[in-house]
**Q** 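I'd like to ask some things about the structure below.
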There are 2 protein chains.
Amino acid sequence: MNTRKNSGGASAVATTPAAGGAAAGRTVRRAASSGSASERREHLVKLAAELFARKGFQATTVRQIADEAGILSGSLYHHFDSKESIVDEVLSTFLHDLIGRYRSALDGGGDARAVLSEMVRIGFGTLEPHRAAITVMQNDWNYLRSLPGDRFDYLIKAEDEVERMWVGQIKRGQAEGALRPDVDPKLTYRMIRDAIWVAVRWFRPGGRLNPAALSEHYITVLFDGLATGERTSHPA
Amino acid sequence: MNTRKNSGGASAVATTPAAGGAAAGRTVRRAASSGSASERREHLVKLAAELFARKGFQATTVRQIADEAGILSGSLYHHFDSKESIVDEVLSTFLHDLIGRYRSALDGGGDARAVLSEMVRIGFGTLEPHRAAITVMQNDWNYLRSLPGDRFDYLIKAEDEVERMWVGQIKRGQAEGALRPDVDPKLTYRMIRDAIWVAVRWFRPGGRLNPAALSEHYITVLFDGLATGERTSHPA
DNA sequence: GTCTATAGTTTGATAGAC
DNA sequence: GTCTATCAAACTATAGAC
C-alpha cells in the first residue's frame with residue numbers, strides 16, 4: 001500500500017515508542033504531540049488529510065501542509081517520500097479500518113437483515129473518525145486512479161472486497177425470503193453505498209443529525225422498501 | 001454566471017450563425033464543427049468537460065485541453081478568459097438545463113408521488129447528456145467553492161432551489177397522507193439526491209442499465225419505503 | 001528534525017505576427 | 001482564429017548545514 005520512509009507506522013501498534021529526539025526544535029510551534037515519532041507522523045497525516053478534503057489533493061500544496069504543521073515544506077520530506085505517499089497513508093488507513101469493521105459484522109452472524117443493518121451503521125460510524133479520508137477518496141478517486149503505476153490499485157481491490165460482502169448478504173437475504181427477489185443485488189448495493197458515503201458531503205459532527213440517528217433513518221427507509229410484505233406494487 | 005469573452009453563448013440560441021472566419025486554419029485537425037463560432041465554442045467546452053471529469057479540474061492543464069482540440073494552449077485564450085471560465089460554462093449550462101426540467105415537472109401537476117417519480121427520472125435522465133458536468137460538479141465542488149471571489153456562488157443558489165423543490169413535494173406528500181410522516185423531509189431528500197447523482201461514478205451509457213431502468217428500480221425501492229402501508233416496523 | 005537555498009519543471013496567461 | 005515565443009509565478013523535491 002504505502003511505502004514509508006522511516007520506521008514505525010500508522011496502523012502498526014507494537015512499535016518502539018523510543019521518544020522523538022527533539023534536540024533542536026527551536027520555536028516548537030506545534031501544539032501538543034511531543035510524543036513518539038509515529039505520533040508526530042500521524043499528526044502530520046491528519047493535518048494533510050483535512051487540507052486534501054477541503055481543497056482537493058491537487059490544489060493542496062506541500063507548503064500549505066508544512067505551514068499548518070508549523071514547519072517548512074522541505075522538512076516534510078524527512079517524514080514522507082512524496083506528497084503522494086501522504087494521501088496514500090490517509091486512504092489505506094481508512095480502508096484498513098473499514099474492512100476490518102465489516103469483517104467483524106460478518107463474523108458476528110445473524111440473519112441477513114441484521115447484518116446489513118449493522119453494515120449501514122458501520123458506514124455511518126466511520127463518517128465521524130474518517131470524514132476527511134472519505135471526502136478525499138470520493139473527490140480524488142479519478143485523479144489518483146489516473147496516475148501512472150500501480151500504487152493505488154489497492155483502491156480497486158478494497159472496493160471489490162466491500163462489494164462482495166454487501167452483495168453476498170443481499171443475495172442471502174433474498175434466498176432466505178427476507179428481501180424482495182425482484183431487485184438487482186448489485187444495483188441495490190450501489191444505491192445503499194452511494195447514499196451512505198456521499199453523506200460525508202453534508203454531515204457535520206455535532207450537528208442536528210448524529211451517525212446513529214442517520215443509520216436508523218436510512219435503515220427504516222431502505223428496508224421498508226427491501227423487505228417482503230404488503231406493497232403498493234410488486235413487479236415481476 | 002460566466003463571463004464570455006466573445007459574442008454568442010452556449011445557451012443562447014438566437015445568435016447570428018455568421019460562420020467562423022477560418023481564413024488561416026492550416027491543417028484543420030478538428031474533425032467536424034466547421035460551423036458557427038458558438039458551435040466551435042461549445043465543442044471546446046465539451047472537450048474540456050471530459051478532461052475535467054476524467055482527471056479533475058486542477059489536474060487538467062490548458063495545454064491538454066488545447067491538445068485535444070488540435071490547437072495550441074495560447075489559442076484557447078481567444079475563446080475564453082481563463083481556465084476557470086471554461087469550467088464555469090460547463091457547470092452553469094448543466095444547472096440551467098436541470099432546473100428547467102425540474103420546473104416543468106412541477107408545472108405538470110399530479111400528486112406528490114407522481115411528481116417525485118418524475119423528478120427521479122429527470123435526475124437519471126441528465127446522467128447521459130451531462131455525465132461530465134455532473135462528475136466535475138461533485139469532484140471539484142469543494143475546490144471551486146474555496147476559490148476567492150463570488151464567481152461560483154451560483155452553485156449554492158442552484159443547490160438551494162433544487163432542495164426547495166424536492167422538500168416541498170415530500171412535505172406535500174406527507175400532508176396528503178401518501179408518504180409516511182415519520183421521516184425527515186430534508187434528510188430524505190438528501191438521501192434520494194445523493195443516491196441519484198453519485199450513480200454518475202459507475203453509470204456508463206450503453207451499459208447493462210439504462211437511465212429508464214435505473215429510475216424504475218430506484219423508484220420501486222424508494223417508495224415501498226416511503227409510501228404508507230403495511231410495514232415491518234412503524235416508529236413514532 | 002528542522003532550516004536554508006535552490007534546482008528543475010510545469011503552469012496559466014499574454015503580446016504580437018500572420 | 002491560430003501560432004510563435006515567452007514571462008512570471010508556483011510547484012515538488014533535493015542537498016547539506018545545524
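Values below: all heavy atoms of this structure, side chains included; hydrogens, waters and symmetry mates excluded. Throughout, a chain's letter reflects where its sequence line sits, starting with A, and its residues are numbered from 1.
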**Q** Taking only side-chain N and O atoms of His78(A), does any of them lie within less than 4.0 angstrom of OP1 or OP2 on dG1(C)?
**A**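 Affirmative; the distance criterion is met.
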**Q** Can you pull out the residues from residues 45-52 of chain B that lie within a 4.0 Å heavy-atom distance of DNA chain C?
**A**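 Here the set is empty: none.
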**Q** Only distances under 3.5 Å count here; give the side-chain donor-acceptor pairs of residues 60-68 of chain A to other protein atoms, sequence neighbours excluded, each with its distance to 0.1 Å.
**A**
residue, atom, partner, partner atom, Å
Thr60(A), OG1, Leu51(A), O, 3.2
Thr60(A), OG1, Gly56(A), O, 2.7
Thr61(A), OG1, Arg63(A), N, 3.4
Thr61(A), OG1, Gln64(A), N, 3.1
Gln64(A), OE1, Thr61(A), N, 3.0

**Q** Without decimals, in angstroms, what is the distance between Lys55(A) NZ and dC11(D) C1'?
**A**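 After rounding, the gap between these two atoms is 14 Å.
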**Q** Respond yes when some side-chain nitrogen or oxygen of Ser75(A) is under 4.0 Å from OP1 or OP2 of dG1(C), and no when none is.
**A**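 Answer no for this pair, as no side-chain N or O of Ser75(A) is under 4.0 Å from OP1 or OP2.
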**Q** Identify the heavy atoms of Ser92(B) and Tyr154(B) that sit nearest to each other, and give their distance.
**A**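 Shortest heavy-atom separation between Ser92(B) and Tyr154(B) comes out as N-OH, 3.6 Å.
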**Q** In whole angstrom, give the distance that lies between atom NE2 of His79(B) and atom P of dT14(C).
**A**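 Answer to the nearest Å: 15 Å.
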**Q** Could you list the protein-to-nucleotides 10-13 of chain C atom pairs, N/O on both sides, closer than 3.5 Å?
**A**
residue, atom, partner, partner atom, Å
dG12(C), OP1, Lys83(B), NZ, 2.8
dG12(C), OP2, Val62(B), N, 3.0
dG12(C), N7, Arg63(B), NH1, 3.3
dG12(C), O6, Arg63(B), NH2, 3.3
dA13(C), OP2, Tyr77(B), OH, 2.6
dA13(C), OP2, Lys83(B), N, 2.9
dA13(C), O5', Tyr77(B), OH, 3.4

**Q** In whole angstrom, what separates Asp67(B)'s CG from dC3(D)'s P?
**A**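 Taking CG of Asp67(B) and P of dC3(D), I get 11 Å after rounding.
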**Q** Please enumerate all residues that pass ring pair (Phe, Tyr, Trp, His ring centres under 6.0 Å) together with Phe94(A), with sequence neighbours excluded.
**A**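 Residues passing ring pair (Phe, Tyr, Trp, His ring centres under 6.0 Å) with Phe94(A): His130(A), Trp197(A).
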**Q** Could you pull out all residues at least two apart from Asp194(A) that satisfy side chain to side chain donor-acceptor pair (under 3.5 Å)?
**A**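 For Asp194(A) the side chain to side chain donor-acceptor pair (under 3.5 Å) partners, ignoring immediate neighbours, are Trp202(B).
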**Q** Name all residues meeting the salt bridge (charged side-chain N to carboxylate O under 4.0 Å, His left out) criterion together with Glu128(B); count only those two or more places apart in sequence or in a different chain, and write none if there are none.
**A**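 Per chain and number, Glu128(B) pairs via salt bridge (charged side-chain N to carboxylate O under 4.0 Å, His left out) with no residue.
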**Q** Just to confirm, is there a sub-4.0 Å distance from OP1 or OP2 of dT2(C) to any side-chain nitrogen or oxygen of Arg40(A)?
**A**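 The answer is yes; a side-chain N or O of Arg40(A) sits under 4.0 Å from OP1 or OP2.
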**Q** For Leu72(B) and dT4(D), give me the distance from atom CG to atom C1', rounded to whole Å.
**A**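 Whole-Å distance recorded here is 8 Å.
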**Q** Measure the distance from CG on Leu76(B) to C1' on dC3(D) and round it to the nearest whole Å.
**A**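 In whole Å, dC3(D) C1' and Leu76(B) CG are 13 Å from each other.
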**Q** Check side chain to side chain donor-acceptor pair (under 3.5 Å) between Arg208(B) and all other residues, then give those that pass, not counting sequence neighbours.
**A**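 Applying side chain to side chain donor-acceptor pair (under 3.5 Å) to Arg208(B) gives Asp184(A).
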**Q** Can you list the residues that meet the side chain to side chain donor-acceptor pair (under 3.5 Å) rule with Arg103(A), with sequence neighbours excluded?
**A**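 Scan of Arg103(A) (side chain to side chain donor-acceptor pair (under 3.5 Å), adjacent residues dropped) gives Glu161(A).
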**Q** Just to verify, what does Glu84(A) make a side chain to side chain donor-acceptor pair (under 3.5 Å) with, not counting sequence neighbours?
**A**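 Testing Glu84(A) for side chain to side chain donor-acceptor pair (under 3.5 Å), a comparison that skips the adjacent residues, returns none.
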**Q** If the threshold is 4.0 Å, N to carboxylate O, is there a salt bridge linking Arg101(B) and Asp97(B)?
**A**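 Yes, Arg101(B) and Asp97(B) are salt-bridged.
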**Q** Whole angstroms only, please: what is the CZ-P distance between Arg41(A) and dT2(C)?
**A**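 Between P of dT2(C) and CZ of Arg41(A): 13 Å.
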